[in-house]
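I have placed the structure first, in the form of structure tokens, so that the comments after it can refer back to it.
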2 protein chains.
Amino acid sequence: MLVRALANAGGEVRFAELQRRAPGISRKMLAQTLRELEYDGLVARRVEPTIPPAVHYSLTELGRTLIAPLDALREWAETHMVTVDEHRKRISAPLV
Amino acid sequence: MLVRALANAGGEVRFAELQRRAPGISRKMLAQTLRELEYDGLVARRVEPTIPPAVHYSLTELGRTLIAPLDALREWAETHMVTVDEHRKRISAPLV
DNA sequence: CAGCATCCCCGATGATACTG
DNA sequence: CAGTATCATCGGGGATGCTG
């Protein structure tokens, strides 16, 4: 997730760099999500008025409070995905 | 969320009861989601072969391990939603 | 570089009706 | 009671192209 990508970066990250850190996300969704997160006050956006412009994103203090609960979830997923997969196979009734 | 509704219930809950505990969710989505959760091994389903049938749902042990991280997130939301709302108003550029 | 603007499509979900 | 089947919609998101 974006918040994790921004957290990993530590400080500010530029748009393109963020895209590399969030593999699979399209430019459109990246831009859109960043706008939402900025709107919510979770992400700060800083524009350097050069040509071409350089835009830097970072987590706000509020955004950083989200890291822990989010990581808890991610860790749950990592720890239990194997178990879940095994259970799915055991059922062997491929749902849908 | 369903997991929370099941957690609240403590033990087994029947379909209709679950629907009451998860307001806003349609019968279709409830049934579908329950099947997925069962498939993943997070939810156990027990059918009493009476007429009409009585189906009982409950969290498995695996399902219960998900409660904590999920609640952490929910609590984050409850604690910070006010802040987020305030920030949105301060921006006053109604996004979209 | 960092986005918008468009067009387009498919899948997720709701509404409704039927059943063992 | 506890679903399933069918139909219709609607909007999220991808692809592409343009621009300050």
Side-chain angles (χ1 to χ4, degrees), chain A residues 1-60 63 77 84 88 91-96, chain B residues 1-60 63 77 84 88 91-96:
Chain A
M1 168 189 302
L2 272 196
V3 171
R4 188 92 276 285
L6 283 163
N8 282 339
E12 294 188 318
V13 200
R14 301 187 55 181
F15 191 87
E17 166 75 10
L18 209 42
Q19 211 175 0
R20 251 169 283 126
R21 286 176 183 271
I25 185 171
S26 69
R27 222 178 342 174
K28 179 180 173 180
M29 283 318 294
L30 183 56
Q32 191 176 123
T33 309
L34 282 171
R35 258 184 294 132
E36 292 170 3
L37 291 176
E38 189 194 358
Y39 182 57
D40 295 345
L42 300 176
V43 158
R45 181 192 152 125
R46 188 174 64 79
V47 184
E48 277 179 41
T50 54
I51 294 181
V55 184
H56 302 262
Y57 292 96
S58 56
L59 286 180
T60 62
V84 168
R88 286 176 178 165
I91 298 293
S92 74
L95 191 56
V96 177
Chain B
M1 173 193 299
L2 272 196
V3 172
R4 190 91 275 285
L6 284 164
N8 283 338
E12 294 189 317
V13 201
R14 300 187 54 181
F15 191 87
E17 167 75 10
L18 210 42
Q19 213 175 359
R20 252 169 281 125
R21 285 175 183 270
I25 185 172
S26 69
R27 218 175 347 169
K28 177 180 173 181
M29 284 317 292
L30 182 56
Q32 190 174 123
T33 309
L34 282 171
R35 261 186 292 132
E36 292 170 1
L37 291 176
E38 190 195 357
Y39 182 57
D40 294 346
L42 300 176
V43 159
R45 179 188 165 166
R46 187 174 66 81
V47 184
E48 277 179 40
T50 55
I51 294 180
V55 184
H56 302 264
Y57 293 95
S58 57
L59 286 180
T60 62
V84 168
R88 286 174 178 164
I91 297 294
S92 75
L95 191 56
V96 176

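Here is the naming used below: chain letters follow the sequence lines, and residue numbers restart at 1 for every chain. All values below were derived from every heavy atom in this structure, side-chain atoms included, with hydrogens, water molecules and symmetry-related copies excluded. Not measured: the values here are computed from a predicted model.
Straight-line distance from the CD atom of B/Glu38 to the C1' atom of D/dG3: 13 Å, rounded to whole Å. Rounded to an integer number of Å, the gap from A/Ile25 CD1 to D/dG14 P is 8 Å. Straight-line distance from the CE atom of A/Met29 to the P atom of C/dA2: 19 Å, rounded to whole Å. Atom CD of B/Gln19 is separated from atom P of D/dG3 by 10 Å (rounded to the nearest Å). Put simply, CD on A/Gln32 is 12 Å from P on C/dA5, counting in whole angstrom units. Atom pair A/Glu48:CD and C/dA2:P shows a separation of 10 Å (rounding to whole Å applied). Per the geometry, CD1 belonging to A/Ile51 stands 16 Å off P belonging to C/dG3, to the nearest Å.
Ion pairing between A/Arg20 and A/Glu17 holds under the 4.0 Å rule for side-chain N and carboxylate O.
Contact annotation: B/Arg35 side-chain N/O to D/dG3 OP1/OP2 distance is not under 4.0 Å. Contact annotation: A/Tyr57 side-chain N/O to C/dG3 OP1/OP2 distance is under 4.0 Å. Neither OP1 nor OP2 of C/dC1 sits under 4.0 Å from any side-chain N or O of A/Arg14. OP1 or OP2 of D/dG14 lies within a sub-4.0 Å distance of a side-chain N or O belonging to A/Ser26.
Here the side chain of B/Ala16 is nearest to one of C/dA2, D/dG13, D/dA2, namely D/dA2. Taking only side-chain atoms of A/Phe15, from C-beta outward, the nucleotide of C/dA2, C/dG14, D/dG3 with the closest atom is C/dA2. Out of D/dG20, D/dG13, D/dT4, the shortest distance to the side chain of A/Pro53 is found at D/dG20.
Heavy-atom minimum distance, B/Thr50 versus B/Ala54: OG1-N, 3.8 Å.
The residue from B/Leu59, B/Val43, B/Leu37 that alone fulfils the side chain to side chain contact (heavy atoms under 4.5 Å, CB included) condition with B/Leu2 is B/Leu37.
Contact of the B/Arg88 side chain with the A/Asp40 side chain is registered, since non-hydrogen atoms from C-beta on lie closer than 4.5 Å. No side-chain heavy atom of B/Arg14 sits less than 4.5 Å from a side-chain heavy atom of B/Val55.
Between A/Pro52 and A/Lys28, the one whose closest nucleotide on DNA chain D sits nearer the 5' end is A/Lys28. If A/Ala54 and B/Arg27 are placed on DNA chain C by their nearest nucleotide, the residue sitting closer to the 5' end is A/Ala54.
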